[in-house]
Amino acid sequence: MAHIDYPPVDSLPPALQEVLRKKKSNVFRMLMHSPGIAPGLLAFAETVKKENSLPADLMELAILRVGYACEATYETSRHEHYGRAAGLSGASIEAARSNEGIAAIRSIDRTVIALTDDILKNDGLSSAGRERALQTFGTGQVSDLVLTVGLYKCVCYFLRSFGVDIESSKDRPPSLMG
């Protein structure tokens, strides 16, 4: 049960009502408590998802690691599905969750998990993390990884603070952010 009631849709400006007609997830509904910020945040999230230079599986792995680190069940319940659809193995998802079997997953997956942890621990890449990241990825991909981790840390804080309810699987629409 959400910690705070969702705002009534009919109280929102028409443009935001239209957003909710298209994006029927609870995270979008709850975001409407911030009608001035919601459109920009949604645009940023859409750009991060659609224009990310990281391969989709690695982007989803980083998102999952953030979600697990922040104990954001809404986020991880959504992105486990998206990660599998992007080609993540069950072993990599489990490693992102608990570090179980991390030695057995692809080297690139271990690197993304380690870099995500570095960003979260240090509120940005440490010197060693930056060096490792640049040995593995181009500068644009490193930038996209940092922005992805930062965005989803923000999203996880929001989800946990407001207790956004997880939709049932039959009601779960595709989402850019949740």
Side-chain angles (χ1 to χ4, degrees), residues 1-52 54-90 92-99 109 112-113 116-117 119-120 123 144-178:
M1 177 117 209
H3 304 313
I4 296 171
D5 291 336
Y6 298 93
V9 175
D10 58 357
S11 70
L12 299 170
L16 295 181
Q17 289 182 28
E18 181 61 24
V19 168
L20 291 180
R21 273 191 283 284
K22 293 177 182 174
K23 300 176 184 292
K24 299 179 191 272
S25 73
N26 289 335
V27 67
F28 293 109
R29 288 176 55 210
M30 194 63 83
L31 269 173
M32 295 307 151
H33 279 297
S34 297
I37 294 174
L41 183 61
L42 294 173
F44 178 51
E46 184 171 338
T47 300
V48 167
K49 290 286 284 190
K50 289 186 173 180
E51 303 300 327
N52 206 310
L54 289 170
D57 61 330
L58 299 181
M59 178 187 66
E60 290 297 337
L61 184 60
I63 293 167
L64 281 168
R65 187 61 167 196
V66 172
Y68 294 130
C70 294
E71 299 178 2
T73 305
Y74 183 100
E75 195 66 27
T76 57
S77 73
R78 301 295 287 269
H79 285 275
E80 285 175 2
H81 170 75
Y82 302 146
R84 283 186 186 92
L88 271 181
S89 69
S92 290
I93 292 170
E94 183 56 39
R97 179 187 357 253
S98 65
N99 285 333
D109 291 0
V112 167
I113 289 170
T116 301
D117 288 349
I119 294 165
L120 292 170
D123 293 322
D144 288 357
L145 176 63
V146 171
L147 290 169
T148 300
V149 170
L151 168 65
Y152 281 90
K153 185 174 180 181
C154 173
V155 169
C156 289
Y157 285 178
F158 180 83
L159 292 166
R160 290 198 54 207
S161 295
F162 285 80
V164 176
D165 298 307
I166 299 171
E167 299 88 1
S168 68
S169 59
K170 67 179 178 67
D171 297 330
R172 189 175 294 167
S175 167
L176 292 172
M177 207 162 81

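Please read all numbers here as calculations on a predicted model, not as lab measurements.
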Mind checking what makes ring-ring contact (aromatic ring centres under 6.0 Å, His included) contact with F162, not counting sequence neighbours? F158
Can you name the closest pair of heavy atoms from H33 and I4 and give their distance? NE2-CG2, 3.9 Å
Mind checking the SG-CZ spacing from C70 to R160? Nearest 0.5 Å is all I need. 7.5 Å
On a heavy-atom basis, which atom in D165 and which in A2 lie closest, and how many Å separate them? OD1-N, 3.0 Å
Mind checking the OG1-CZ spacing from T76 to R65? Nearest 0.5 Å is all I need. 13.0 Å
Does the pair K49/E60 count as a salt bridge with the N-to-O cut at 4.0 Å? yes
How close do I63 and T148 get, counting heavy atoms only, and between which atoms? CG1-CG2, 3.7 Å
Ion pair R97/E94, N-O distance below 4.0 Å: yes
Compare every heavy atom of G67 with every heavy atom of C156, then report the nearest pair and how far apart it is. SG-CA, 3.7 Å
So does G87 get a backbone contact from the side chain of D57, meaning a donor-acceptor N/O pair under 3.5 Å? no
Please check: side-chain N/O of R29 versus main-chain N/O of K23, any donor-acceptor pairing under 3.5 Å? no
With D109 via salt bridge (Lys or Arg N to Asp or Glu O under 4.0 Å) - residues at least two apart: R106
Measuring from L42:CG to F28:CZ, what's the distance to the nearest 0.5 Å? 5.5 Å
So, taking the atom named CG in L151 and the one named CG in L41, what distance separates them when rounded to the nearest 0.5 Å? 6.5 Å
Sidechain N-carboxylate O distance under 4.0 Å for D123, K153: yes
Working note: V164 + Y6, criterion side-chain contact (heavy atoms from CB on, under 4.5 Å); need CA distance, chi angles, decisive distance, verdict. CA-CA 9 Å; V164 176; Y6 298 93; 4.0 Å; yes
Going through the distances and angles, do V149 and L145 end up as a side-chain contact (heavy atoms from CB on, under 4.5 Å)? CA-CA 6 Å; V149 170; L145 176 63; 4.1 Å; yes
Separation between CG of L16 and CE of M32, rounded to the nearest 0.5 Å: 5.0 Å
Looking only at heavy atoms, what is the nearest atom pair of Y74 and V27, with distance? OH-N, 3.6 Å
Are side-chain heavy atoms of Y68 and I93 found at a separation under 4.5 Å? yes
R78 versus S25, closest heavy-atom pair with distance: NH1-CB, 3.7 Å
Verdict with supporting geometry, V19 and L12, side-chain contact (heavy atoms from CB on, under 4.5 Å): CA-CA 10 Å; V19 168; L12 299 170; over 6 Å; no
Roughly how far apart are T116 OG1 and L61 CG, rounded to 0.5 Å? 6.5 Å
